[in-house]
Amino acid sequence: MIHPEAVAELEAEVMWYQDRSDGLGLRLRANANKVIRGLVRWPDSGRVWPGAHPTLTVRSYGVSDYPFRVVYAVRDTELFIAAFAHHKRKPGYWRDRLDD
């Protein structure tokens with residue numbers, strides 16, 4: 001499952017990059033989808049984000065060629081993506097999404 005705000009984040013960034021150069025936003029979406037497919041297969045592959053949540057192990061994984069990380073946790077047996085976070089954005093702004 002992907003949090004609706006994470007979907008909105010990714011789509012806004014895709015549009016931003018696409019406006020700068022045709023195809024650049026589409027490549028961002030493709031790279032993000034590739035990360036998600038990998039995380040579904042290997043959910044423990046991301047780097048642990050210490051202290052992000054009291055009961056969940058929160059991880060993040062970088063999107064190739066772009067300054068973004070997919071922030072996620074496994075809840076029960078489902079991969080939950082909380083954010084597509086820009087490296088320069090305030091860390092942890094997405095924490096409240098983990099409880100949705």
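Each residue takes its place number in the sequence, starting with 1.
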For this session: Report yes or no: do Val7 and Trp94 belong to one cluster of Ile/Leu/Val/Met/Phe/Trp/Tyr joined by side chain heavy-atom distances under 4.5 Å?
Result: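 Each belongs to a different hydrophobic cluster.
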Problem set entry | Cluster check Phe80, Val74: I/L/V/M/F/W/Y, side chain < 4.5 angstrom | no
Exercise. Which pairs, with at least one residue in residues 68-94 and sequence neighbours excluded, count as a salt bridge (Lys or Arg N to Asp or Glu O under 4.0 Å)?
Worked result: Glu9-Arg89
For this session: Go through the steps for Ile2 and Phe84 under the test side chain to side chain contact (heavy atoms under 4.5 Å, CB included), then give the verdict.
Result: CA-CA 10 Å; Ile2 303 175; Phe84 289 94; 4.2 Å; yes
Problem set entry | Under 3.5 Å: donor-acceptor pair, side chain of Gln18, backbone of Gly23 | yes
What heavy-atom pair brings [X] and [Y] nearest, and what distance separates the two atoms?
X	Y	result
Leu26	Val14	N-CG1, 4.4 Å
Gly62	Val35	O-CG2, 3.5 Å
Tyr93	Ala85	OH-CA, 3.5 Å
Ala52	Leu98	O-CD1, 4.3 Å

Exercise. Side chain to side chain contact (heavy atoms under 4.5 Å, CB included) with Asp65: which residues, sequence neighbours excluded?
Worked result: Arg27, Asn31
Problem set entry | Qualifying residues under salt bridge (charged side-chain N to carboxylate O under 4.0 Å, His left out), relative to Arg95, sequence neighbours excluded | none
Exercise. Who pairs with Glu13 by salt bridge (charged side-chain N to carboxylate O under 4.0 Å, His left out), at least two apart in sequence or on another chain?
Worked result: none
Exercise. In chain order, what residues pass the side chain to side chain donor-acceptor pair (under 3.5 Å) check against His53, with sequence neighbours excluded?
Worked result: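 His53: side chain to side chain donor-acceptor pair (under 3.5 Å) contacts with Thr55, Asp99.
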Seminar exercise, completed: Taken in chain and number order and not counting sequence neighbours, the residues that satisfy ring-ring contact (aromatic ring centres under 6.0 Å, His included) with Phe68 are His86
For this session: Determine whether Val71 and Ile81 make a side-chain contact, defined as any pair of heavy atoms from C-beta on separated by less than 4.5 Å.
Result: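 Result no, sub-4.5 Å side-chain heavy-atom pair not found.
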Problem set entry | Where at least one partner belongs to residues 8-34, residue pairs that pass ring pair (Phe, Tyr, Trp, His ring centres under 6.0 Å), sequence neighbours excluded |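 Listed once each, the pairs are Tyr17-Tyr66.
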Exercise. In terms of heavy-atom contacts, does CE of Met1 have more than 12 from other residues, nucleotides or ligands at under 6.0 Å?
Worked result: yes
Compile the donor-acceptor pairs under 3.5 Å between side chains in residues 36-51 and protein atoms, sequence neighbours left out, one pair per line.
from, atom 1, to, atom 2, distance (Å)
Ser45, OG, Trp42, O, 2.8

